[in-house]
Amino acid sequence: MPELPEVESVARALRSSLTGRRATGLVVRWAGILEPTPRAVRRASVGRVLSGVHRRGKYLVLTFTGDDGAVGHVMLHLRMSGQLLFEPDDAPDKHTHLIWDFEGRPLHYRDVRKFGRWTVVDDAVNPTAMAHVGPDMLEVRFAEWNKRVAHRKAPWKSVLLDQGVASGIGNIYADEALFRAGVHPLKTPEGTSPEKRRAVWNAAKGVLRLAVKHGGTTFLDFKDFHGKPGNFRRKLRVFQRDGEACGRCGVVIQRVVVGGRSTHYCPACQP
DNA sequence: GAATACCTGAGC
DNA sequence: GCTCAGGTATTC
């Protein structure tokens, strides 16, 4: 579930609670999460101090520095259901796959669907493994983003979800951004005026920023670092509101499938 | 692009 | 029992 705002909330929590602390142990309960191997992840991190947390789109890179100056980088992607819980009240359950120890303080990684990955990578900011990931949606300027989308013939919905164009938008915020911009999800960037493209860029950044401010959106199981849900859900205008009246115009919100993803829009506000 | 694969759980 | 789910990589 986690999209850019949810991952940003995780990044901030890691920075404030764990940077400067040493990873003193790692219990692996489901090894498929760790790439290329559990041993490699352990070697990159355990015994070293967490010295940096970088985020680009939905990706995090944690940097660990040893007393000898050696450095390891571990890229983390939560995919659909990954959660990081710091000093949780709940005991580990069958979905708790990793238990990190930071000098006596436990950090649990839970992931019901086991899609998330922790991968040893070669750099904090531009790892080879992220070569196909575009600039962060909150960072990219309009001129650069416009260059990347202008000639695309795929539906807007698919282009917003393409992490190679710009990274961070997922299914929820793609629908919300297009609603706010007043653009139909099946229209294409190529067939959209530059002014309207700017409106999409602006709406995407706006909704992401607002969601960051509200701690993200909780649908199924997003929990923040301290086990609390995000409270942006009540701000959603179209996502999973098909069949309801649009809050702006009263017309019934529709659901269609675009690129295999469920897509929600108001046919009147998004012509 | 579309289908499929990776997984488990919720809801019907 | 079947369909769907906030993501992404891979394969026609």
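Within every chain, numbering begins at 1; the chains are lettered A, B, ... in the order of the sequence lines, protein sequences first and strands thereafter. Note that the coordinates shown come from a computational prediction; the quantities given were computed from them, not determined experimentally.
Residues forming a ring-ring contact (aromatic ring centres under 6.0 Å, His included) with A:Phe115 (at least two apart in sequence, or on another chain): none.
Considering only side-chain N and O atoms, A:Ser262 lies under 4.0 angstrom from the phosphate OP1 or OP2 of C:dA5. Under 4.0 angstrom from either OP1 or OP2 of C:dG7 there lies at least one side-chain N or O belonging to A:Arg261. Of the side-chain N and O atoms in A:His132, none sit less than 4.0 angstrom from OP1 or OP2 of C:dT8. Of the side-chain N and O atoms in A:Lys94, none sit less than 4.0 angstrom from OP1 or OP2 of B:dC7. The phosphate of B:dC6 (OP1 or OP2) has no side-chain N or O of A:Lys114 nearer than 4.0 angstrom. Regarding contacts with the backbone of C:dG7, every side-chain N or O of A:Gln163 stays at 4.0 angstrom or more from both OP1 and OP2. For C:dT8, the OP1/OP2 oxygens have a side-chain nitrogen or oxygen of A:His77 closer than 4.0 Å.
If you run side chain to side chain contact (heavy atoms under 4.5 Å, CB included) between A:Leu107 and each of A:Leu85, A:Leu14, A:Ile99, only A:Leu14 comes through.
Side chain of A:Arg56 to main chain of A:Ser167: no donor-acceptor pair is present (N/O by atom type, distance under 3.5 Å, no hydrogens or angles). In this structure, the side chain of A:Thr263 engages the main chain of A:Arg261 through a donor-acceptor pair within 3.5 Å.
Distance CE (A:Met130) to C1' (C:dA9): 15 Å, rounded to an integer number of Å. Whole-Å rounding puts the A:Arg79 CZ to C:dA5 P distance at 18 Å. We find that CG of A:Leu78 is positioned 10 Å from P of C:dT8, with the value rounded to whole Å. Atom P of nucleotide C:dT10 and atom CZ of A:Arg117 are separated by 12 Å, given to the nearest angstrom. At whole-Å resolution of the value, CG in A:Asp242 and P in C:dA5 are 10 Å apart. Note: CG (A:Leu4) to P (C:dG7) measures 12 Å, nearest angstrom. In this structure, the CD atom of A:Gln83 is 16 Å from the C1' atom of C:dG7, given to the nearest Å. Spacing between atom CD of A:Glu3 and atom P of C:dT8 amounts to 9 Å, rounded to whole angstrom units.
Applying the Watson-Crick and G-U wobble criteria (two distances, each under 3.5 Å), C:dC2 pairs with B:dG11.
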Would you list the protein and nucleotides 1-4 of chain B atom pairs, both N or O, that sit under 3.5 Å from each other?
none

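Going from the P atom of C:dT8 to that of B:dG9 covers 22 Å, rounded to whole Å.
Checked by atom type, the side-chain pair A:Asn202/A:Arg180 shows no donor-acceptor distance below 3.5 Å.
Residues A:Asp175 and A:Arg237 are not paired through a salt bridge, judged by the lack of any N-O separation under 4.0 Å between the basic side chain and the carboxylate. Salt bridge present: A:Lys153 and A:Glu190 bring a charged side-chain N and a carboxylate O closer than 4.0 Å.
Once rounded to the nearest 0.5 Å, the distance linking CD of A:Gln240 with OG of A:Ser262 reads 6.0 Å.
Of the candidate nucleotides C:dA5, B:dT8, C:dT8, C:dA5 has the atom lying nearest to any side-chain atom of A:Met80.
A stacked arrangement is assigned to A:Phe115 and the six-membered base ring of B:dC6, with a centre-to-centre distance below 5.5 Å and an interplanar angle below 30°.
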